[in-house]
Amino acid sequence: MNVLVINSGSSSCKYRLLDMATETLLCSGLAERIGDPSSGCLVHETFKDGKERKVRREHPFPTHVAAMEEIIALLTDPEVGVIADRGEIGAIGHRVVHGGVEVTEPVLVDEKVKDIIRRRSVLSPLHNPANLKGIEVAEELFPGTPNVAVFDTEFGTGMPEEAYMYALPYDCYEELGVRRYGSHGTSHKYVAWATAKYLGKPLAELDSITMHLGNGSSMTCVRNGKCLDSSMGLGTVEGLVMGTRCGSIDPSIIPFLMEKKGLSTAEVSELMYKRSGMLGICGHTDMRDIHALIAAGDRKASLALKLYVRSIRKMLGAYFFLLGGRPDAIVFTAGIGTNDAITRAAVCEGLEPLGLVLDPAANDTRTSGPRTISTKDSRVPILVIPTNEELQIAMAAVQILGKAS
Ligand code: ADP
């Protein structure tokens with residue numbers, strides 16, 4: 001069965017088509033600036049017979065429907081397409097950011113599920129409405145094809161009460177659902193599964209710590225294959241310092257800033273989500289730019305990296321303790337975790353007494369698949385496991401529909 005995986009944003013649509021009989025990627029693409037009347041861009045990449053091919057379309061896409069129509073045209077194009085017609089797509093998997101506690105596993109989309117996505121937009125105003133839009137577009141353009149929703153909060157719903165509760169008046173939880181949900185759950189779930197596979201252990205026996213270090217960064221502590229704790233909270237700003245998000249800060253800073261700078265709730269949110277993190281400290285978000293600036297002697301870039309690494313190490317220490325100092329592995333993933341040897345080395349520096357011994361040569365060697373970057377005598381393996389959220393979503397769709405070919 002072919003599964004089309006869609007990650008719909010407010011002005012973008014990321015997609016991948018996977019053949020789940022062989023778990024191979026047939027093509028991927030990204031439509032950007034949807035809704036912009038003056039310009040739009042769609043980059044479509046195919047991986048057919050071991051050959052990569054890239055096609056670019058540059059013109060405005062007034063709506064998500066228009067962008068999806070162009071995507072379908074490329075998927076079925078006699079030259080650059082990978083399928084003959086849209087009927088060859090057996091299911092569509094959608095990434096949805098927030099499902100609250102009502103959704104504890106991937107679900108077939110129906111009116112009830114759409115209603116949950118709509119209601120949970122309160123906690124994910126940037127993402128949920130866009131994710132719902134992607135579902136509605138798929139329903140319109142692929143009538144009769146099942147849609148499966150995979151929620152980023154799903155993995156976190158398995159956390160114990162003492163991990164997900166905040167010590168606020170209990171009615172904040174009862175009336176408003178204020179609790180830790182854990183974001184990036186689809187990635188953390190996939191990486192836990194892939195780690196167990198790599199270590200040759202049943203997932204149900206895996207204890208690990210996952211560091212998802214990308215533009216958005218988060219960590220998960222996994223016990224017996226389930227989420228024991230997550231650095232992400234009610235929204236997607238708590239925990240680690242990120243590209244543009246501040247991570248954990250003293251909550252008293254928020255009313256202080258609102259009062260002193262005369263900020264509204266929307267403005268203070270924007271400050272924490274979009275103007276903080278490494279961007280706020282040094283004006284850059286991409287780790288490659290930050291390293292280049294550090295090499296040129298930029299003090300603020302150096303500070304931004306130090307803040308980032310320190311936030312990871314503090315969380316790593318907490319999770320190491322929660323697992324009694326005996327995780328089966330600590331795992332780096334996502335853009336920075338997979339590619340950046342400097343950050344990984346800084347995170348692991350001086351942790352040898354705890355049984356974490358990085359192998360500098362393995363850390364500096366770049367390969368595409370899962371790998372070990374610790375020495376043979378490291379008590380706790382240090383791994384790099386590339387995440388694959390789209391495969392996780394497609395696997396969920398196959399599982400729900402109960403067929404793989
Ligand atoms: P997102 O959170 O948007 O999914 P990714 O997981 O793709 O992000 O991570 C993107 C980030 O990964 C970039 O902003 C950059 O900081 C980092 N990155 C990507 N490639 C490299 C590289 N070769 N070296 C260092 N950092 C990298």
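In listed order, ligands and their atoms are each counted from 1.
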For this session: Hey, could you give me the SG/CG distance between C348 and D359, rounded to the nearest 0.5 Å?
Result: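 Between atom SG of C348 and atom CG of D359 there are 11.5 Å.
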For this session: Kindly check if the number of other-residue, nucleotide or ligand heavy atoms within 6.0 Å of NZ (K300) is above 12?
Result: no
Exercise. For the residue pair H59 and F61, is the inter-centroid distance of their aromatic rings smaller than 6.0 Å?
Worked result: yes
Exercise. Charged N to carboxylate O under 4.0 angstrom, E102 versus R119?
Worked result: yes
Exercise. Does the cation-pi check pass for R179 over Y164, that is, NZ or CZ under 6.0 Å from the six-membered ring centre and within 45° of its axis?
Worked result: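 Ring-cation test returns yes.
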Exercise. Relative to the ring of H98, is the ring of Y181 parallel (under 30°), tilted (30 to 60°) or perpendicular (over 60°)?
Worked result: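 Taking H98 first and then Y181, their aromatic rings stand perpendicular (interplane angle over 60°).
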Quick one: ligand 1 N/O to protein N/O pairs below 3.5 Å?
residue	atom	partner	partner atom	Å
ligand 1	2 (O)	N215	N	3.1
ligand 1	2 (O)	G216	N	3.3
ligand 1	6 (O)	G335	N	2.9
ligand 1	8 (O)	N215	N	3.3
ligand 1	12 (O)	I336	N	3.4
ligand 1	16 (O)	M287	N	2.8
ligand 1	20 (N)	R288	NH1	3.4
ligand 1	20 (N)	N339	ND2	3.4

